[in-house]
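Here is the structure we will look at.
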Amino acid sequence: MTPRKIIIDTDPGQDDAVAILLAFASPEDVEVIGITVVAGNVPLPLTQRNARIICELAGRRDVKVFAGEAAPLSRPLVTAEHVHGKTGLDGPQLPEPTMPLAGEDAVGFIIDTLRSEPAGTVTLCPLGPLTNIATAFRRAPDIVERVQEIVLMGGAYFEVGNITPAAEFNIYVDPEAADEVFRSGAKIVVLPLDVTHKAMTNKRRVDAFRALGTEVGGMVAAWTNFFERFDKEKYGGEGAPLHDPCVIAWLIRPELFSGRFINVMIETKGEFTTGMTVADWWGVSRREPNALFLGDVDAEGFFELLTERLARY
């Protein structure tokens with residue numbers, strides 16, 4: 001099969017970094033035609049820096065990185081240094097990137113690419129807040145029907161929130177953008193916390209990354225060790241969820257996942273529930289389904305895939 005063309009829209013983040021590395025290591029499945037960055041886990045100057053560091057680590061200086069929106073559509077930016085550290089990629093020592101940012105802005109790149117590629121051949125993979133995607137749809141409504149699919153990490157149903165009791169971080173940071181994307185009519189696949197909190201690291205799984213004996217394997221192990229400290233303290237488990245790599249894993253091996261095609265709406269005005277993904281799992285609202293909302297993952301299969309692909313570096 002021809003590899004699926006994807007644009008990774010991201011706010012790196014250690015788990016974003018692992019997702020990008022997984023995509024680069026899977027050329028038979030996905031072709032990364034560009035990386036667009038957005039403010040989220042850390043502010044935009046750091047997310048664009050981090051994306052270029054990851055490209056250089058992977059030996060993919062040929063992939064262009066485009067800087068996108070520096071703030072949500074209508075709210076102050078909320079960041080997550082308490083999880084990812086002050087740089088977003090805290091843990092190992094990292095060199096400053098030398099590859100330049102692409103000249104075009106991220107939103108313009110998304111619009112131009114969707115207009116120039118055959119309709120229905122480009123998948124958008126948001127790993128952070130949906131600000132860039134919503135802004136592109138606002139500026140160029142004609143591109144919505146040209147999107148093959150939006151496969152995103154965000155939201156929650158059974159698990160509920162990780163930044164508030166009701167909301168997952170990516171949706172909470174820019175709920176207005178998420179609301180516009182979910183109402184757009186584009187085909188959407190959602191990898192929520194219900195899935196990602198089952199893709200948990202542990203000592204055996206992290207040791208497998210380190211045992212690869214490569215720079216990439218060591219870096220992923222070091223990032224994961226740093227990333228784990230917050231989740232171990234918060235949830236009391238033995239590791240941390242690798243949220244964003246689930247998006248790429250679904251593109252490669254969708255059979256590892258299961259879910260339902262349901263209606264998902266975004267709460268933008270709730271006193272306690274702003275940013276909540278109102279996932280109508282049982283169909284009680286009678287609203288038309290608009291997203292494949294995944295609920296489970298074969299965690300062993302996920303980590304086997306991730307380790308096997310990272311071993312290619």
Side-chain angles (χ1 to χ4, degrees), residues 1-10 15-33 58 120-127 147-159 168 170 181-182 186-202 204-206 208-209 212 216-217 220 224 237 239-264 277 279-283 289-313:
M1 292 180 62
T2 303
R4 185 191 289 229
K5 293 180 179 179
I6 67 172
I7 296 172
I8 297 177
D9 187 69
T10 180
D15 58 322
D16 306 69
V18 179
I20 294 166
L21 291 170
L22 176 59
F24 284 154
S26 306
E28 68 269 44
D29 299 298
V30 293
E31 177 189 354
V32 182
I33 59 176
T121 63
V122 175
T123 294
L124 304 178
C125 298
L127 309 180
V147 176
Q148 180 178 7
E149 207 163 34
I150 299 172
V151 183
L152 66 93
M153 190 277 128
Y157 175 56
F158 296 104
E159 277 280 344
E168 179 275 330
N170 287 344
V181 170
F182 274 85
K187 186 178 179 182
I188 298 174
V189 179
V190 184
L191 282 297
L193 297 182
D194 307 275
V195 166
T196 67
H197 277 201
K198 293 168 184 168
M200 297 287 289
T201 63
N202 56 34
R204 174 175 58 85
R205 290 166 175 169
V206 176
F209 300 146
L212 295 175
V216 165
V220 170
T224 306
L242 282 183
H243 304 286
D244 295 330
C246 289
V247 167
I248 307 303
W250 186 88
L251 293 172
I252 297 170
R253 291 205 186 140
E255 66 272 15
L256 293 174
F257 300 84
S258 61
R260 295 183 187 178
F261 187 51
I262 63 171
N263 181 269
V264 182
T277 41
D280 188 7
W281 191 256
W282 303 109
N290 63 344
L292 175 59
F293 198 85
L294 300 174
D296 203 3
V297 61
D298 173 358
E300 283 300 313
F302 168 79
F303 277 96
E304 287 170 8
L305 171 66
L306 182 55
T307 305
E308 176 244 313
R309 294 299 169 93
L310 293 178
R312 296 177 172 183
Y313 287 100

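Only a predicted model underlies this, so the values are computations on that prediction, with no experimental measurement involved.
- Within the structure, every pair that satisfies the salt bridge (charged side-chain N to carboxylate O under 4.0 Å, His left out) test and touches residues 243-258, not counting sequence neighbours, is listed here: Arg253-Glu308.
- Within 6.0 Å of NZ on Lys198 lie more than 12 heavy atoms contributed by other residues, nucleotides or ligands.
- In this model, no donor atom of one side chain and acceptor atom of the other lie less than 3.5 Å apart for Ser258 and Asp296.
- Annotation: salt bridge (charged side-chain N to carboxylate O under 4.0 Å, His left out) contacts of Arg4 (sequence neighbours excluded): Glu149.
- With rounding to the nearest 0.5 Å, the separation of CG in Leu22 from CZ in Arg312 is 9.5 Å.
- In this structure, Asp298 has no side-chain hydrogen bond (donor to acceptor under 3.5 Å, both in side chains) partners at least two apart in sequence or on a different chain.
- Not a single ring-ring contact (aromatic ring centres under 6.0 Å, His included) links Phe261 to another residue, sequence neighbours left out.
- When the salt bridge (charged side-chain N to carboxylate O under 4.0 Å, His left out) test is applied to Asp29, the partners found at least two apart in sequence or on another chain are Arg309.
- Not a single donor-acceptor pair under 3.5 Å links the side chain of Arg205 to the backbone N or O of Phe303.
- Judged purely by atom type and a 3.5 angstrom limit, Thr196 has no side-chain atom pairing as donor or acceptor with the backbone of Pro241.
- A search for side-chain contact (heavy atoms from CB on, under 4.5 Å) contacts involving Thr121 returns Glu117, Pro118, not counting sequence neighbours.
- Salt-bridge annotation for Arg204 and Glu304: absent, with no side-chain N of the basic residue lying under 4.0 Å from a carboxylate O of the acidic one.
- Using a 30° and 60° split on the angle between ring planes, Trp281 and Tyr157 fall in the parallel class, below 30°.
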